[in-house]
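Here's the structure, in structure tokens; my notes come after.
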Amino acid sequence: VQLVESGGGLVQVGGSLRLSCVVSGSSLDDYTIGWFRQAPGKKREGVACINTYHGRRYYVNSVKGLFTISSNNAQKTVDLQMDSLKPEDTAVYYCAARERWSTDNSYENLCYGMDTWGQGTRVTVSS
């Protein structure tokens, strides 16, 4: 599988951005796919992940109700809609994927074990 992100940029506080990840390979149902971010001087964190086979989504607490992850199986895209952006959302955002595991229907957090990464797209939220 290969991943190509797009949609980053500069936005003011309170604004919105939509990131898109194009997934080459087999059906999205074969993978768990997510968005991660890494801010300067901080560890990379899983922001939102989706498993279309089980119909499950996971969000890190800091973005619940603000970000929405969605998928389009026909176009093989996984998008991250980011609303009410804050300066602390500034980071490089990465799309990541791994094969679907049986535990994806058991664990709350889907954002683990990723083994394929996109090149990243920068999001800057200015105040």
Side-chain angles (χ1 to χ4, degrees):
V1 63
Q2 290 184 320
L3 310 170
V4 178
E5 306 104 329
S6 62
L10 174 65
V11 65
Q12 292 188 331
V13 170
S16 297
L17 278 177
R18 188 177 184 91
L19 307 182
S20 185
C21 177
V22 178
V23 182
S24 65
S26 55
S27 169
L28 293 185
D29 286 348
D30 293 336
Y31 304 103
T32 290
I33 300 171
W35 286 94
F36 291 68
R37 66 186 178 187
Q38 186 164 22
K42 294 190 176 181
K43 292 177 61 176
R44 184 170 58 196
E45 70 170 346
V47 176
C49 291
I50 187 168
N51 179 288
T52 59
Y53 182 84
H54 293 295
R56 295 194 59 230
R57 291 170 172 79
Y58 165 82
Y59 297 94
V60 69
N61 284 340
S62 59
V63 307
K64 284 182 179 177
L66 302 175
F67 291 9
T68 303
I69 190 169
S70 62
S71 65
N72 185 313
N73 282 12
Q75 296 182 0
K76 292 188 181 178
T77 56
V78 175
D79 291 354
L80 185 67
Q81 176 67 39
M82 305 185 294
D83 297 322
S84 302
L85 285 161
K86 308 170 186 176
E88 50 265 42
D89 295 316
T90 294
V92 178
Y93 284 72
Y94 298 90
C95 181
R98 58 168 168 79
E99 290 187 353
R100 173 169 49 87
W101 295 348
S102 59
T103 52
D104 287 340
N105 204 30
S106 304
Y107 296 161
E108 178 185 358
N109 186 350
L110 295 173
C111 295
Y112 60 90
M114 302 305 182
D115 57 13
T116 301
W117 297 83
Q119 81 284 357
T121 185
R122 186 174 300 276
V123 171
T124 303
V125 184
S126 67
S127 54

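Computed from a prediction, not measured in an experiment: that's the story for all the values here.
- The side-chain hydrogen bond (donor to acceptor under 3.5 Å, both in side chains) test applied to S6 returns no partner, not counting sequence neighbours.
- In summary, the side chains of S26 and Y31 do present a donor paired with an acceptor at a separation below 3.5 Å, with no hydrogens or angles considered.
- Of the possible polar contacts, none joining the Q2 side chain to the S24 backbone as a donor-acceptor pair under 3.5 Å is found.
- Atom CD of Q119 is separated from atom SG of C95 by 9.5 Å, given to the nearest 0.5 angstrom.
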Apply side-chain contact (heavy atoms from CB on, under 4.5 Å) to residues D104 and R98 and explain how you reach the verdict.
CA-CA 11 Å; D104 287 340; R98 58 168 168 79; 2.7 Å; yes
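- In the hydrophobic cluster analysis, where Ile, Leu, Val, Met, Phe, Trp and Tyr join through side-chain heavy atoms closer than 4.5 angstrom, V123 is grouped together with V60.
- Closest approach of T52 and S71 over heavy atoms only: CG2-OG, 3.3 Å.
- Between the side chain of T124 and the backbone N or O of T90 there is no donor-acceptor pair closer than 3.5 Å.
- Within 6.0 Å of the CD atom in Q38, the count of heavy atoms belonging to other residues, nucleotides or ligands exceeds 12.
- The closest side-chain donor-acceptor pair between Y58 and T32, if any, does not fall under 3.5 angstrom.
- Of the inter-residue distances, the one linking S126 atom OG with L85 atom CG reads 10.5 Å to the nearest 0.5 angstrom.
- Between the side chain of E99 and the backbone N or O of D30, no donor-acceptor pair lies under 3.5 Å.
- With R57 contributing its side chain and A48 its backbone, the two residues share no donor-acceptor pair below 3.5 Å.
- Among all heavy-atom pairs drawn from N109 and Y112, the shortest one is O-CE2, 2.8 Å.
- Once rounded to the nearest 0.5 Å, the distance linking CG of L110 with CZ of R100 reads 12.5 Å.
- No side-chain heavy atom of F67 sits under 4.5 Å from any side-chain heavy atom of I69.
- Each of F36, Y93, W35 was compared with W117 under the ring pair (Phe, Tyr, Trp, His ring centres under 6.0 Å) criterion, and only F36 meets it.
- The side-chain tip of R56 does not point at the ring of Y107 from less than 6.0 angstrom away and within 45° of straight on.
- Cluster annotation: V78 and V1 are assigned to the same hydrophobic cluster (Ile/Leu/Val/Met/Phe/Trp/Tyr, side-chain heavy-atom contacts under 4.5 Å, transitive).
- Taking NZ of K76 as the reference point, atom OG of S27 lies at 7.0 Å (rounded to 0.5 Å).
- Listed by first and then second residue, the side chain to side chain donor-acceptor pair (under 3.5 Å) pairs involving residues 77-89 are S16-D83, R18-D79, R18-Q81, S20-D79, R37-D89, Q81-D83 (not counting sequence neighbours).
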side-chain contact (heavy atoms from CB on, under 4.5 Å), that's the test. Do M82 and L19 meet it? Break it down for me.
CA-CA 8 Å; M82 305 185 294; L19 307 182; 3.8 Å; yes
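- In this structure, CG on L17 lies 8.5 Å from OG1 on T121, to the nearest 0.5 angstrom.
- Scanning all heavy atoms of the two residues, the minimum distance from M114 to G34 falls at CE-N, 4.2 Å.
- By the rule that hydrophobic residues join a cluster once side-chain heavy atoms approach within less than 4.5 Å of another member, Y59 and L66 end up as members of one cluster.
- Taking CD1 of I50 as the reference point, atom CG of L28 lies at 8.5 Å (rounded to 0.5 Å).
- Across every non-hydrogen atom of S106 and S102, the tightest pair is OG-O, 4.3 Å.
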